[in-house]
Engineer: 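After the structure tokens below, expect a handful of questions from me.
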Amino acid sequence: MLKLAVIPGGICGGCDVALASLGEKLAEILKYYEIVYWPIAVDKKLSNLMNMNHIDVLIYMGAITTEEDAKLAKELSAKARVRVALGTCSVYGGIPGLNALYKPADIIKTISLLVDTKLESSALGLPQPVQHMAYTDVVEPEVLAPGCPPTDKVLDQLTEILLNYAKSGKLEARTMLLGDSESLCNNCPRNPKTTKIAMPGIKRLYEVKLDSNKCFLEQGVLCMGPATRAICTHPCIKFNYPCIGCGGPVEWGSDSGLSMISTLASVLLVDDEKKLLEPGLARELNKIRDVLGTFYKYTLRKSKAYALKNKAGGEG
Amino acid sequence: MCHCGVNIAGTVDVKKVVEEVKKLPDVVYAADYVYLCSQPGQELIINAVKEHKLDGVVVAACTPSLHYETFAKAVEKAGLNRYVYEMVSIREFDSWVHADRALATEKAIKIIATAVAKLRGDKPYERARLDVIRKALVVGGGIAGITAALSLAKMGIPVILVEKYATIGGKMAMLHETFPTLDCAQCILTPLMAEVARHPLVKIYTLAEVDSVEGHVGKFKVKIKIRPRGVRVEDCRLCGFCERVCPISVSSEFDRGLSKRKAIYIPFAQAVPSAYVVDFEHCNRCGLCVKVCPTKAVNLEEKERVIEEEVGAIIVATGYELYPLEKIPEYSYGPENDVIDSLQFERILSVQGPTRGEVKRPSDGKPVKRVVFIQCVGSRDVNHLPYCSKICCMYTAKHALLFLENVPDGEAYVFYIDVRAAGKGFEEFVKRAQEHGAVYIKGRVSRIYKDKLTGDVVVEGFDLLENREIVIRADLAVLAPGIVSALDKRLAEMLKVPVDQFMFAAEIHPKLRPVEVASAGIFIAGCVQGPKDIPDSIAQASAAAAKAAELLIQGYVEKEPIVAEVDRDKCNGCRACVTVCPYGAIEIVEGKARVNEIVCEGCGACTATCPVGAIQLRNYREEQALEMVRAVMRVR
Amino acid sequence: MSWRPKIIAFFCRWCAGAAAEVAGVSRLRYDPSVVPIIVPCTGRISPSMIVEAFLNGADGVLIGGCHTPNDCHYVAGNFKAFKRVYLLKKLLQEVGVEPERLRLEWISATEAPKLVKVVNSFVDEIRKLGPLGGKHA
Amino acid sequence: MARLVLSPRELREYIREHTGREVTACMHCGTCSAVCPVVNFMDMHPAALVRAVQRSAIDLGNLKVIWACISCMTCVDKCPRDVAPGLVIETLRQLALRNGIEPRTYSQMPIDETTPSILLVLYSRKGTG
């Protein structure tokens with residue numbers, strides 16, 4: 001039996017649920033693996049895990065938000081033969097990764113204002129916060145399985161990898177980014193009929209009656225599909241909700257936010273440029289209130305924008 | 001690296017630059033020379049390439065606009081492809097604009113570093129040359145289309161002229177006389193119609209529409225759908241027996257509903273082709289016409305057909321329609337209310353028209369004594385058409401003048417916002433109308449209605465200069481509707497003609513290139529580009545013909561190979577590049593983008609747009625661009 | 001003033017690039033801190049190119065293109081640049097980079113004096129802002 | 001009566017701020033005056049008012065048109081250049097009231113046999129607040 005440890009970092013629980021929902025496939029995996037740690041599923045103590053000499057497969061879920069997270073991620077990963085970053089937080093920093101723009105102390109200060117309680121972390125015995133990171137900022141995992149939460153497509157691929165590893169003791173590649181290496185547009189169920197995307201402006205969801213057969217961008221709704229890795233079978237889009245980019249960029253290491261900014265800028269009001277001129281276009285672009293939150297909802301921590309922030313802050 | 005005498009070497013330490021450039025990655029050989037563009041200078045490059053087996057060359061000298069070609073030739077002579085050579089300007093961008101030797105030297109190194117970085121990603125390409133089919137298609141047989149077709153034919157270029165209706169001639173054929181000279185429209189148009197019909201190089205298809213267009217400049221494959229005429233043109237003798245026996249009577253398009261015609265008819269006497277036509281929509285297939293036709297020219301069984309033509313260039317001259325007056329209900333438009341549009345008034349004035357030139361009320365035939373003209377109906381109004389339709393001021397003056405000449409005891413009132421009479425003889429013409437007694441009222445009409453008791457047309461408005469409401473009881477009201485483009489969306493998309501929000505074709509440059517659109521090989525003439533009078537349409541049609549001939553007579557197009565190319569494995573078919581391409585050079589084929597190399601101009605907008613980096617401008621790939629940026633920063 | 005800013009200028013080949021040539025021919029003088037990179041059209045400039053410049057140590061990025069609405073040699077590449085730069089400036093603001101470090105100017109082929117003025121004023125502005133990240137490199 | 005004088009620029013900006021419209025875009029076509037149902041009861045017809053506003057040649061204290069307008073907004077609908085005289089009048093009315101200019105009351109309105117009923121109703125509403 002191989003040893004499988006599932007380590008949760010700063011996590012919302014979605015990844016846990018997704019992994020637990022594997023059901024029969026999980027049973028299949030358990031023919032080869034013994035779960036040595038997974039707080040929500042098995043009653044194994046962390047101290048046991050820390051004492052182990054090696055772990056075969058380590059699945060890390062969630063962002064790194066506390067010193068405890070960072071320590072676990074580093075120490076345990078060193079013992080693991082195969083490291084899996086599961087979920088967008090783990091791979092790209094995810095939504096908690098947006099916090100990376102701020103110092104932990106400032107975040108605590110802001111929360112204090114909101115909850116009207118003095119949050120002296122040490123005094124309350126709270127974990128010491130660190131600058132928010134992705135798991136991939138600490139180690140270089142062999143398997144990257146993004147998704148918020150990880151999708152069936154990604155989990156199926158992960159299952160396959162785990163089973164193959166159990167049987168052959170080998171991985172197919174040094175680094176594997178799960179999902180399909182194309183963007184969501186490739187197999188978009190909307191199957192657009194027109195040849196152009198002349199985006200008619202920027203609309204919020206409540207402002208339009210969305211035609212479920214037409215491209216979101218053509219209807220003025222921001223959709224991150226063009227630059228987002230196809231890790232799913234378009235559940236959001238099928239439910240008439242645009243892609244918000246949890247799959248991350250198509251290629252590991254590239255920057256989907258900048259690409260999407262460029263794509264969007266290109267197609268926005270493309271037929272009315274000479275009529276609206278700069279002021280008219282600016283007025284429309286001002287409807288995007290939060291550029292980082294819009295284009296880097298999930299991937300800020302691993303982006304060039306974040307690198308730029310460090311550069312500007314004199315850190316990094 | 002060139003000294004350009006002292007032009008560069010006077011400010012830049014050339015020796016130091018050469019030393020530093022030698023340290024750049026992949027630089028095998030670097031040298032300087034006093035005048036690189038001279039014969040020995042060029043030899044230096046050629047020998048270096050051969051001796052050191054170089055696979056790329058950077059020339060740092062004056063500007064590429066001066067000597068790019070010189071060194072490109074030298075590079076080719078050395079056996080290299082010209083696209084693995086880069087030239088950067090040190091003279092214009094550096095030595096001539098800076099005085100500090102150290103700083104200028106450093107900047108020169110940086111500039112050369114960008115070129116070296118770019119060159120590392122450059123690949124050799126060959127120029128494409130494409131033969132052009134020496135034949136043109138003209139869409140629309142109005143005065144613009146006829147002019148363009150004739151002009152091309154006279155230059156020896158075969159032309160296909162496609163017209164939607166049963167006759168060519170367009171709107172001009174409906175006109176009575178033309179401003180400002182009052183030539184009879186028919187007298188000047190019909191000879192041209194006959195000439196174009198007679199010309200051996202012009203093939204006219206009437207009742208025809210473009211069904212599909214494929215291909216690109218030099219080689220368009222065009223499918224033309226031809227509706228059945230029901231009458232063999234060559235056999236029709238215009239005897240009119242068929243018309244007399246036809247039991248069906250419908251309103252005449254040519255007279256804009258002011259008269260009736262039969263289901264077998266000729267649009268007007270001088271129609272081209274000169275033959276009757278069956279209106280299959282209204283024909284009840286009774287067969288009487290077939291029986292009476294002495295030459296057996298009528299065939300009610302004729303079917304629609306589609307023909308295919310290949311042409312090298314296309315001129316779009318689809319003309320205009322009038323703004324639909326139903327959209328302005330307060331003006332009670334309709335002949336039954338004696339409120340008519342300007343083209344209907346042209347028909348009334350015409351001796352061939354429904355009233356044989358007598359100005360009578362359409363509703364009851366009563367002679368018209370008092371007529372009110374209203375300008376800017378729909379035009380210059382953000383609620384309808386924000387633009388000025390340009391010709392209404394002039395034809396309204398013409399209408400008023402012709403009416404007053406026709407009915408000497410008549411009264412003509414013209415409601416106007418401004419009178420726009422910019423054109424040779426135009427202002428004088430308006431004055432002439434006014435001298436004839438046309439009363440111009442500055443102000444707008446709020447409503448028009450038919451007084452059912454008296455039969456009068458009541459026009460209510462406001463006279464801005466008299467500062468009071470004004471009500472005119474008239475016999476007839478003539479509206480001057482705005483001009484709208486007759487170009488339909490499907491045709492525009494097929495031809496990749498960019499259009500503005502009013503479906504007027506957008507020329508590629510409003511000043512320098514007024515008859516070309518962004519899609520190469522497509523030209524525009526007449527009202528498809530915007531409202532125009534006859535001389536303007538003819539001038540533009542002649543220009544479009546000249547531009548098309550430029551292309552067709554040369555016989556080929558040569559293309560720089562520096563165009564975009566698609567990595568089909570990466571492409572996600574999102575269509576962003578198709579949207580952003582100003583030339584319609586990209587299309588989606590089997591779910592992925594494909595670049596038409598002949599049409600692409602190499603601007604690179606698609607490369608910056610692509611969300612997944614699948615489409616790249618050759619030799620200006622994203623990675624090259626990033627490397628250029630990094631190279632500058634690497635120089636210390 | 002020992003510190004000199006590092007500035008990259010993307011000039012389009014047809015308008016700003018041509019103006020830079022005219023500036024040369026006219027022997028106008030401007031600050032040498034700006035290194036020009038000629039692009040076919042401002043529509044070719046991707047946000048990555050600009051961000052890459054900052055990440056690799058540029059203190060400012062200047063973009064010179066053709067005047068709107070009709071000067072662009074490639075129909076409307078300049079509008080694409082405008083929209084991208086506009087969004088990018090918002091991004092810069094959010095990550096704490098002064099948006100003034102990125103400037104887009106329309107400079108026609110005849111406006112060599114404007115080019116000189118723009119370059120010099122941009123260099124002045126960047127000098128005032130100091131090095132990106134506050135450290136003198 | 002109070003007198004309120006604004007420079008043409010101030011007035012134009014005030015109107016832009018309150019209506020989003022540009023009074024200087026008016027091309028003096030007279031559509032507003034033509035469609036106004038009560039134009040005969042105004043001291044200055046809407047088109048003339050817009051012209052006067054462009055030059056700020058109005059004395060709000062003495063301007064009767066702003067109390068005669070029935071706010072039917074037909075001119076706003078029909079204005080071919082989105083100048084919207086009805087909104088301009090509305091703005092002037094508010095400007096007058098905010099500056100302590102007395103509204104013309106019911107009794108001051110010209111009322112006779114020919115006064116349209118809608119105007120009577122409106123006069124009474126405005127007059128009684």
Side-chain angles (χ1 to χ4, degrees), chain B residues 62-66 88-100 102-111 113-115 118 498 506 508-512 518 562 580-583 601-610 613 617 620 622 625-635, chain C residues 4 6-14 17-18 20-58 61 69-77 79-81 84 112 115-116 119 137:
Chain B
C62 56
T63 158
S65 28
L66 204 63
V88 284
S89 169
I90 302 300
R91 194 178 70 178
E92 279 77 0
F93 287 178
D94 190 13
S95 68
W96 272 355
V97 287
H98 306 311
D100 184 310
L103 294 180
T105 304
E106 184 190 322
K107 181 171 166 179
I109 298 166
K110 286 180 176 174
I111 292 176
T114 66
K118 179 173 185 295
I508 188 163
H509 193 284
K511 304 249 166 0
L512 299 178
I562 302 307
V580 83
C581 179
Y583 305 100
E601 294 277 335
C603 70
C606 51
T607 304
T609 298
C610 182
L617 178 60
Y620 221 112
E622 185 69 5
L626 299 181
E627 272 303 319
M628 286 167 80
V629 171
R630 292 180 198 126
V632 175
M633 295 304 159
R634 250 184 251 124
V635 175
Chain C
R4 279 195 310 111
K6 294 204 251 333
I7 294 169
I8 285 196
F10 294 108
F11 290 149
C12 88
R13 184 187 299 162
W14 307 95
E21 282 187 18
V22 176
V25 174
S26 322
R27 311 293 203 279
L28 303 176
R29 290 268 183 268
Y30 56 84
D31 195 295
S33 312
V34 174
V35 178
I37 292 182
I38 300 294
V39 290
C41 172
T42 47
R44 169 65 189 85
I45 301 168
S46 65
S48 313
M49 286 158 71
I50 299 164
V51 170
E52 195 71 18
F54 285 122
L55 285 179
N56 282 280
V61 174
N70 288 322
D71 277 10
C72 178
H73 184 83
Y74 297 109
V75 184
F79 281 108
K80 311 291 177 291
R84 290 182 196 138
L115 179 111
V116 170
V119 167

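Just so it is clear, the structure is predicted and the values come from calculations on it, not from any experiment. Computation of the quantities below employed the complete heavy-atom set of this structure, encompassing side-chain atoms and omitting hydrogens, waters and symmetry-equivalent molecules. Here is the naming used below: chain letters follow the sequence lines, and residue numbers restart at 1 for every chain.
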Engineer: Would you compute the distance between atom CD of C/E52 and atom CE of B/M628 and round it to the nearest 0.5 angstrom?
Structural biologist: 13.5 Å
Engineer: Check this for me: does any side-chain nitrogen of one of B/R91 and C/E21 sit under 4.0 Å from a carboxylate oxygen of the other?
Structural biologist: no
Engineer: What's the shortest heavy-atom distance between B/K110 and C/V35, and which atoms?
Structural biologist: CD-CG2, 3.5 Å
Engineer: Please state whether the side chain, the backbone, both or neither of C/I50 comes within less than 4.5 Å of a heavy atom of chain B.
Structural biologist: neither
Engineer: Would you mind telling me which of B/P498, B/A608, B/C610 has the largest number of heavy-atom pairs within less than 4.5 Å of chain C?
Structural biologist: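 Of the options given, most contacts go to B/A608.
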Engineer: Donor-acceptor pair, distance only, cut-off 3.5 Å: does the side chain of B/H98 make one with the backbone of C/R29?
Structural biologist: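 Pair absent, no side-chain N/O of B/H98 close to backbone of C/R29.
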Engineer: Who wins among C/A23, C/S33, C/A58, C/G77 for the most heavy-atom pairs under 4.5 Å with chain B?
Structural biologist: C/A58
Engineer: If you look at every heavy atom in B/V97 and C/G24, which pair is closest and at what distance?
Structural biologist: CG1-CA, 3.7 Å
Engineer: By a 4.5 Å heavy-atom criterion (distance strictly below it), what part of C/V34 contacts chain B: side chain, backbone, both, or neither?
Structural biologist: backbone
Engineer: Given a strict heavy-atom distance threshold of 4.5 Å, which part of B/H509 is in contact with chain C: side chain, backbone, both, or neither?
Structural biologist: side chain
Engineer: Could you tell me which portion of B/E106 (side chain, backbone, both or neither) has an atom closer than 4.5 angstrom to a non-hydrogen atom of chain C?
Structural biologist: side chain
Engineer: So what's closer than 4.5 Å to chain C heavy atoms on B/A518: side chain, backbone, both or neither?
Structural biologist: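 Looking at B/A518, just its side chain touches chain C.
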Engineer: What heavy-atom pair brings C/Y74 and B/G602 nearest, and what distance separates the two atoms?
Structural biologist: OH-O, 4.0 Å
Engineer: One pair to check against side chain to side chain contact (heavy atoms under 4.5 Å, CB included): B/M633 and C/I8. What are the steps and the verdict?
Structural biologist: CA-CA 9 Å; B/M633 295 304 159; C/I8 285 196; 3.5 Å; yes
Engineer: Checking C/R44 side chain against B/Y620 main chain: does a donor-acceptor pair fall under 3.5 Å?
Structural biologist: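 It does hold such a pair.
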Engineer: Work out which heavy atom in C/M49 is nearest to a heavy atom in B/V629; give both atom names and the distance.
Structural biologist: O-CG2, 4.0 Å
Engineer: Which atom names give the shortest non-hydrogen contact between B/E622 and C/S48, and what distance separates them?
Structural biologist: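 Heavy atoms only, the tightest pair is OE2-CB, 3.5 Å.
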Engineer: Assess the residue pair C/N70 and B/K511 against the criterion (side chain to side chain contact (heavy atoms under 4.5 Å, CB included)); give the C-alpha distance rounded to whole Å, side-chain angles, the decisive distance to 0.1 Å, and a yes or no.
Structural biologist: CA-CA 9 Å; C/N70 288 322; B/K511 304 249 166 0; 5.7 Å; no
Engineer: Checking heavy atoms, do the side chain of B/T114, its backbone, both or neither come under 4.5 Å from chain C?
Structural biologist: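 Only the side chain of B/T114 comes within 4.5 Å of chain C.
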Engineer: Taking every heavy-atom pair that is under 4.5 Å apart, which of B/P64, B/A625, B/G604 has the most such pairs with chain C?
Structural biologist: B/G604
Engineer: Taking all non-hydrogen atoms of both residues, which atom of B/Y583 and which atom of C/H73 are closest, and how far apart?
Structural biologist: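 Closest pair (atom of B/Y583, atom of C/H73, distance): OH-O, 3.6 Å.
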Engineer: With a 4.5 Å cut-off on heavy-atom pairs, point out which of C/G43, C/C41, C/S26 contacts chain B the most.
Structural biologist: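 Result: the option with the highest number of such pairs is C/G43.
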Engineer: Using a cut-off of under 4.5 Å on heavy-atom pairs, state which of C/S46, C/A76, C/G57 scores highest against chain B.
Structural biologist: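 Top option by heavy-atom pairs under 4.5 Å: C/S46.
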Engineer: Please classify the contact between C/R13 and chain B as side chain, backbone, both or neither, with a heavy-atom cut-off of under 4.5 Å.
Structural biologist: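 For C/R13, there is no contact with chain B at all, as no heavy atom is under 4.5 Å.
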Engineer: Given heavy-atom pairs under 4.5 angstrom as the criterion, report whether the side chain, backbone, both or neither of C/F11 touches chain B.
Structural biologist: neither
